[in-house]
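Shown next, in structure tokens, is the structure this report addresses.
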Amino acid sequence: MSLSPPGCHDQPDRRVFSPPVGVSAGACLRTAWSEGTVMLPGVFNALTARLAERLGYRGVYFSGGALSAGWAGLPDIGLLTQTEFVEQLAVIVRATSLPVLADADTGFGEAVNVGRTVQLYEQAGAAGLHLEDQELPKRCGHLSGKRLIDPATMVAKIRAAVQARRDPAFLIVARTDARSVEGLDAACDRARRYVEAGADAVFPEALESLEEFARFAREIPVPLVANMTEFGKSPLLEFRDLAALGYKAVLYPLTAFRAAMHAAEAILTELRQVGHQRDWLSRMQSRARLYDLLDYRDWEERDRALWSASGSERPS
Ligand SMILES: C[C@](O)(C(=O)O)[C@H](CC(=O)O)C(=O)O
Ligand SMILES: [Mg+2]
């Protein structure tokens, strides 16, 4: 028997024609966390979110890095606006019934701005968001040269976030980028302060070994989020090892994006050289698979049913 409330991922009809009724996305993600550890693949567009749902994931991650690079062609240094994030987040949320944990960078301003960000993310349908303690211009957490805001300023942001949510299940995740700036002790101290300020979960960014992940888990007794981004400072650990340490969510923020871009580069290079794409067909998503993912046939059937119910001829 499923423990998930109705409206969560494993509802019998997974086709997404209307949003789940009565259960918030935050509650869905909390349910998933209470049952174990969730893999959250980063989704760089709505179709990837649908794909993750079809493949049986229980949630997805809305990555600022993927949005900046994939949607805007820009580096992830805080260039996109709050409005751009919220609009694209809403597109993803509408495409899937999975709960979406969303990157909110530094919260798009000071504490009062963070409050409004939370309202907008919650209204867009996110399950929760994470806020990081970097100064602007922010960077990918796995790059050198980051600068942090002081802990008190971050605490004010977290308080603002907690006060602003309407749904108590909406998750406020505090990310600390302190490990590579001030060291692991400082990162743990910051995490404790953020939890005292009301954060539901902590995301320790750019830890450098399994032992560091373990120590963080021992010291910070709230749900933790691990980031398994590639080509960064953290080793690419096994999901089951992170789960065993008690991490509740493991992010793979740009995994699908990097693989897709690698494939796109290869096919576009070869097409230019060879003049056709025939050798690539078996490595492409077929039209049939795409339409399946889009529930194309269901849309056609709905259209047909609407016309036949009204007894009129469909104008061609
Ligand atoms: C998780 C992250 O915030 C993201 O935007 O996806 C990035 C990922 C990355 O750049 O690899 C991060 O800062 O870790
Ligand atoms: Mg980010």
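As the structure lists them, so they are numbered: ligands from 1, and atoms in each ligand from 1. A quick note: this is a predicted structure, and the numbers were derived from the prediction, not measured. Numbering starts at 1 and runs along the sequence shown.
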Relative to the heavy atoms of [X], which atoms of ligand 1 are at a distance of less than 4.0 Å?
| X | result |
| --- | --- |
| Leu254 | 8 (C), 9 (C), 10 (O), 11 (O) |
| Asp76 | 5 (O) |
| Arg258 | 11 (O) |
| Gly141 | 12 (C), 13 (O), 14 (O) |
| Gly65 | 4 (C), 5 (O), 6 (O) |
| Thr229 | 8 (C), 9 (C), 11 (O) |
| Glu205 | 12 (C), 13 (O), 14 (O) |

Practice task
Measure from the Mg ion (ligand 2) to every N/O/S atom of Asp103 and report the name of the nearest one.
Solution key: OD2

Handout entry: Residue that, paired with Tyr247, satisfies ring-ring contact (aromatic ring centres under 6.0 Å, His included) out of Phe203, Phe239, Phe213
Key = Phe213

Exercise for the section: Decide, yes or no, whether a salt bridge links Arg179 with Glu212 under the criterion of side-chain N to carboxylate O below 4.0 Å. Expected result: yes

Problem - Arg30 with Asp200: basic N within carboxylate O range, under 4.0 Å - result: yes

Mode of [X] contact toward ligand 1 - side chain, backbone, both, neither (heavy atoms, under 4.0 Å):
| X | value |
| --- | --- |
| Asn227 | side chain |
| Lys138 | neither |
| Glu132 | neither |
| Glu230 | neither |
| Arg175 | side chain |

Handout entry: Output field: ring centroids Tyr121/His130 closer than 6.0 Å
Key = no

Practice task
Give the intermediate values and the outcome of salt bridge (charged side-chain N to carboxylate O under 4.0 Å, His left out) for residues Arg58 and Glu35.
Solution key: CA-CA 11 Å; Arg58 294 201 63 187; Glu35 291 170 6; 2.6 Å; yes

Under a 3.5 Å cutoff, is there a donor and acceptor pairing between the side chains of [X] and [Y]?
| X | Y | answer |
| --- | --- | --- |
| Asn227 | Tyr252 | no |
| Ser234 | Glu208 | no |
| Thr176 | Glu132 | no |
| Gln134 | Thr106 | no |

Problem - Reference residue Ser180; test side chain to side chain donor-acceptor pair (under 3.5 Å); the match among Glu205, Lys146, Lys233 - result: Lys146

Exercise for the section: Assess Arg283 against Trp280: is NZ or CZ under 6.0 Å from the centre of the six-membered ring, and within 45 degrees of the ring's axis? Expected result: yes

Would [X] count as being in polar contact with ligand 1, using the rule that some N or O on each side must be under 3.5 angstrom apart?
| X | result |
| --- | --- |
| Gly64 | yes |
| Arg139 | no |
| His130 | no |

Practice task
Report the C-alpha separation of Arg54 and Asp295 in whole Å, then their side-chain angles, then the decisive distance to 0.1 Å, and conclude whether the salt bridge (charged side-chain N to carboxylate O under 4.0 Å, His left out) test is met.
Solution key: CA-CA 11 Å; Arg54 284 291 176 90; Asp295 288 331; 2.7 Å; yes

Top protein contact for [atom], by heavy-atom distance:
| atom | result |
| --- | --- |
| atom 10 (O) of ligand 1 | Cys140 SG, 3.0 Å |
| atom 6 (O) of ligand 1 | Ser63 OG, 2.6 Å |
| atom 1 (C) of ligand 1 | Tyr61 OH, 3.4 Å |

Exercise for the section: Using non-hydrogen atoms of the residue, decide whether Leu251 is closer than 4.0 angstrom to ligand 1. Expected result: no

